[in-house]
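These figures come from a predicted structure and were not determined experimentally. These values consider heavy atoms only, across backbone and side chains, with no hydrogens, waters or symmetry-generated copies. Chain A is the first sequence line, chain B the second, and so forth, proteins listed ahead of strands; every chain is numbered from 1.
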2 protein chains.
Amino acid sequence: MTKQGVTVEERRKPRDAVDQILDQWHKERPDLDLSAMGVFGRLGQLSLLLTPALEEVFTRHGLRRGEFDVLAALRRSGPPYTLIPSALAKTLMLSRAGMTNRLDRLEADGLVERRLDPTDRRSFHVALTARGHRVVDAAVTDHAANESRLLSALTPDERETLDHALRTLLQAIE
Amino acid sequence: MTKQGVTVEERRKPRDAVDQILDQWHKERPDLDLSAMGVFGRLGQLSLLLTPALEEVFTRHGLRRGEFDVLAALRRSGPPYTLIPSALAKTLMLSRAGMTNRLDRLEADGLVERRLDPTDRRSFHVALTARGHRVVDAAVTDHAANESRLLSALTPDERETLDHALRTLLQAIE
DNA sequence: ATCGAATAGTACGACAGCTAACTATCAGCC
DNA sequence: GGCTGATAGTTAGCTGTCGTACTATTCGAT
């Protein structure tokens, strides 16, 4: 069934799951303009496949992805490794309520602590603890290596091209 | 503060949020290989920004994205617009428990119905109702147009390049 | 023909996110 | 100095997903 109707032209590049979806749509709704659907389909599929591939590394360090993101934002902000919850929520594109939750978990694990902000009594500083610092340093090392591994099948040229294309799209959408 | 230290070379292409994150990491952890982080950072950011941009169209048709995905899978499968829950869960990369839930909602809304499978009494056929067919046809028309609009800032050449790069990465990861 | 393993769907409890409502505090303006 | 509106964080309730455990059915090897 699957080999039927595969023309010579279609055999050139391996057809993936997204191609099959586009074929189905073309057959059922030939009126639709499908020119963009392939890109978004592949983006979605990538995001779905990448999630567990990245999560696995965080799990090895006792973290969930969301928790790593918070620790990483603090770590890369530089000394004194401190940000306020609103700033964290904004950069991580998370609701403030969600940030409250994440911070509760991280604080219970002893990875961050809430310190009074002397200049604004509505807020406070979220600071990496010594242990949080160690954990995120170890995790980000593995994470960067894992990302490199996942991209290792692409040539440097292909990587550069992909990065440039993603940058263009990101700029177009914002 | 932000304008300090921006060299001529850096001004060539506009620096985005991901560039700033990479700068921070480079400063704090010069030992890390950041060559892959830009690609994954932009993929993640795209996925985050795209979600509400696509969801908005589904909302106009009374659907959530997950519900649309189910209806779309049924619609593009062609006559008789019928699949079993396991097959749906697999193609949508969703747990079977999650699929049970989605089907419950869709059935309550009268968009699909569960029909007995005469050949396997463990299972059944999920079928589009007439209303489900109408709704998904209208939704996918708008959805395809929305996707085209979101990509309209890219030239045909840029689209082709992006699609090819995504295809390569997807193939590398699977 | 039968028995064990695999498969299909569901119920249940946990979980992490969201929105909306709420309290406390700050900033600006008169 | 004292309102008014904006901002910071939390709480409460809802939602959609997951993993696990369970029942029913089918498949396959002998």
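- With D:dA12, D:dT17, C:dG9 as the choices, the nucleotide that has an atom nearest any side-chain atom of A:A97 turns out to be D:dA12.
- Checked for salt-bridge contact, A:E67 and A:R102 miss the test: no charged N lies under 4.0 Å from a carboxylate O.
- Residue-level contact check: B:S123 touches the backbone only, with heavy atoms under 4.0 Å from sugar-phosphate atoms and none from bases.
- Note: NE2 (B:H125) to C1' (C:dA8) measures 13 Å, nearest angstrom.
- Both B:M99 and A:F124 lie close to DNA chain D; mapped to their nearest nucleotides by heavy-atom distance, the more 5′-ward contact belongs to A:F124.
- Checked against C:dG17, D:dG16, D:dT10, the side chain of A:R105 finds its nearest nucleotide in C:dG17.
- Checked by atom type, the side-chain pair A:H164/A:E160 shows no donor-acceptor distance below 3.5 Å.
- The interatomic distance linking A:L88 (CG) with D:dA8 (C1') rounds to 13 Å, in whole Å.
- Residues from residues 52-70 of chain A placing a heavy atom under 4.0 Å of any atom in DNA chain D do not occur.
- Here B:S95 does not reach the OP1 or OP2 of D:dT17: none of its side-chain N or O atoms lies under 4.0 Å away.
- When only modelled atom types and interatomic distance are considered, B:S35 and B:D33 share a side-chain donor-acceptor pair under 3.5 Å.
- Applying the 4.0 Å criterion to OP1 and OP2 of C:dG9, one finds that B:R114 has every side-chain N and O outside that range.
- In this structure, the CG atom of A:L48 is 9 Å from the P atom of D:dC18, given to the nearest Å.
- In this structure, the CD1 atom of A:I84 is 6 Å from the P atom of D:dA8, given to the nearest Å.
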(Q) So if I define the base as every atom that isn't primed, P, OP1 or OP2, how would nucleotides 22-29 of chain D read as a B/S/- string at a heavy-atom cutoff under 4.0 Å? (A) --BBS---

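- Side chain of B:T129 to main chain of B:L111: a donor-acceptor pair is present (N/O by atom type, distance under 3.5 Å, no hydrogens or angles).
- The distance from atom CG of A:D117 to atom P of C:dA24 is 19 Å, rounded to the nearest whole Å.
- Following rounding to the nearest Å, A:L92 (CG) and C:dA16 (P) show an atom-to-atom distance of 16 Å.
- Between the CG atom of B:N101 and the P atom of C:dA14 there is a distance of 17 Å, given to the nearest Å.
- As rounded to whole Å, 13 Å separates atom C1' of D:dG16 from atom CG of B:L106.
- Atom CG of residue B:D69 and atom CG of residue B:L94 lie 9.5 Å apart, to the nearest 0.5 angstrom.
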